[in-house]
Amino acid sequence: MGWQAIPQDFFNRHPVEVARDLIGTELMVAGVGGIVVETEAYAEDDPASHSFRGKTARNAAMFGAPATAYVYRSYGLHWCLNAVCRPGTAVLLRAMEPTAGLGVMAARRGVNAPRLLASGPGRLCQALAVDARHDGTPLLHPPFRLLSRPGTPIDIVSGHRIGISRATEKPWRFGLAGSPFLSRRFG
DNA sequence: GAGCTGATTGTCT
DNA sequence: GACAATCAGCTCT
């Protein structure tokens with residue numbers, strides 16, 4: 001019952017399904033990473049999605065093949081990592097439970113507490129050293145490593161999305177129930 | 001613990 | 001020129 005590589009077909013589905021199924025998977029970047037505990041889905045006909053107004057230079061990666069990384073800068077200073085699903089849709093990786101390379105992540109983040117290393121999309125990217133260089137690159141190839149553990153029971157909760165001003169009512173945020181590594185608790 | 005605010009820059013209107 | 005899928009540090013309770 002070990003970890004298995006995630007196939008590209010995993011991402012060729014509706015982003016809500018992918019967001020839910022990504023909870024509990026393991027994401028590593030160059031040997032540093034952990035368990036995904038929080039995600040958000042963004043669909044194509046979704047006013048909150050960067051793809052809503054069509055393809056532009058910034059969101060071009062979002063229209064790439066399933067399992068492509070879409071990385072963008074948020075609020076001028078943070079990076080956010082998304083996994084592209086069907087073209088024009090994506091899942092935002094919001095938080096992780098660090099399991100490998102804790103020391104490296106702590107050094108990059110400038111903090112020691114494990115729960116502060118990757119509990120938030122900007123923090124997660126800083127801990128994994130993900131930035132514009134990764135935009136448009138495949139998540140299923142090095143330096144990325146994405147694994148799932150089929151058959152492992154996982155308790156998943158959902159709620160409304162965070163940090164956006166449009167279509168906030170959609171319950172498209174998913175998290176690992178009771179995890180202390182969430183960016184915020186689910187209400 | 002909750003709530004406010006400044007930081008900082010690429011992108012679109 | 002406004003705004004943004006955020007964070008950290010502050011105040012007040």
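To find a chain, count down the sequence lines: A is the first, B the second, and so on, and within it residues start at 1.
Counting only heavy atoms from C-beta on, Y42(A) has its side chain closest to dA5(C) among dG10(B), dC7(C), dA5(C). Checked against dT6(C), dG10(B), dA5(C), the side chain of H78(A) finds its nearest nucleotide in dT6(C). Taking the side chain of L77(A) as heavy atoms from C-beta on, and the options dA5(C), dT8(B), dT6(C), the nearest nucleotide is dT8(B). Checking dC7(C), dA5(C), dA8(C) against every side-chain atom of N82(A), the shortest atom distance belongs to dA5(C).
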Could you go through residues 61-77 of chain A and list every donor-acceptor pair under 3.5 Å that involves a side-chain atom there, pairing it with any protein atom two or more places apart or in another chain?
residue	atom	partner	partner atom	Å
T68(A)	OG1	A65(A)	O	2.7
Y70(A)	OH	H50(A)	ND1	2.8

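Residue contacts shown for T56(A) are limited to sugar-phosphate atoms, with no base heavy atom under 4.0 Å away. Note on R53(A): only backbone sugar-phosphate atoms sit closer than 4.0 angstrom, heavy atoms only; bases stay farther off.
A sub-4.0 Å separation between OP1 or OP2 of dA8(C) and a side-chain N or O of R109(A) is present. Side-chain nitrogen and oxygen atoms of S165(A) include at least one within less than 4.0 Å of the OP1 or OP2 phosphate oxygen of dA4(C).
Between the CG atom of L116(A) and the P atom of dG9(C) there is a distance of 10 Å, rounded to whole Å. Between Y75(A) atom OH and dC12(B) atom P the separation is 17 Å, expressed in whole Å. In this structure, the CZ atom of F174(A) is 15 Å from the C1' atom of dA5(C), given to the nearest Å. Between L81(A) atom CG and dT6(C) atom P the separation is 14 Å, expressed in whole Å. Remark: P of dT9(B) and CH2 of W79(A) are 11 Å apart, rounded to the nearest angstrom. Note: CG (L117(A)) to C1' (dA8(C)) measures 15 Å, nearest angstrom. Taking atom CD of residue E38(A) and atom P of nucleotide dC7(C), one finds them 10 Å apart after rounding to whole Å. Here dT11(B) presents its C1' atom at 17 Å from NZ of K55(A), a figure rounded to the nearest Å.
Heavy-atom neighbours of N112(A) CG from other residues, nucleotides or ligands within 6.0 Å: at or below the threshold of 12. Within a 6.0 Å sphere centred on CZ of R13(A), other residues, nucleotides and ligands contribute more than 12 heavy atoms.
For the pair L92(A) and R123(A), nearest-nucleotide mapping onto DNA chain C gives the more 5' position to L92(A).
Of all heavy-atom pairs spanning L146(A) and L139(A), the tightest one is CB-O, 4.3 Å.
The backbone N or O of A127(A) sits less than 3.5 Å from a side-chain atom of R108(A), completing a donor-acceptor pair. A donor-acceptor contact shorter than 3.5 Å links the side chain of N59(A) to the backbone of G54(A). Proximity of a side-chain donor or acceptor of R109(A) to a complementary backbone N or O of L117(A) within less than 3.5 Å is detected.
Salt bridge status for R161(A) with E40(A): absent, with no side-chain N to carboxylate O gap under 4.0 Å.
Residue side chain Y72(A) fails the stacking definition with respect to dA5(C), as its ring centre and the base's six-membered ring centre are not both under 5.5 angstrom apart and under 30 degrees in plane angle.
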Check: Given the rule that a pair is Watson-Crick or G-U wobble with both distances under 3.5 Å, how would you write DNA chain B in dot-bracket, using | for pairs to a different strand?
Finding: |||||||.||||.
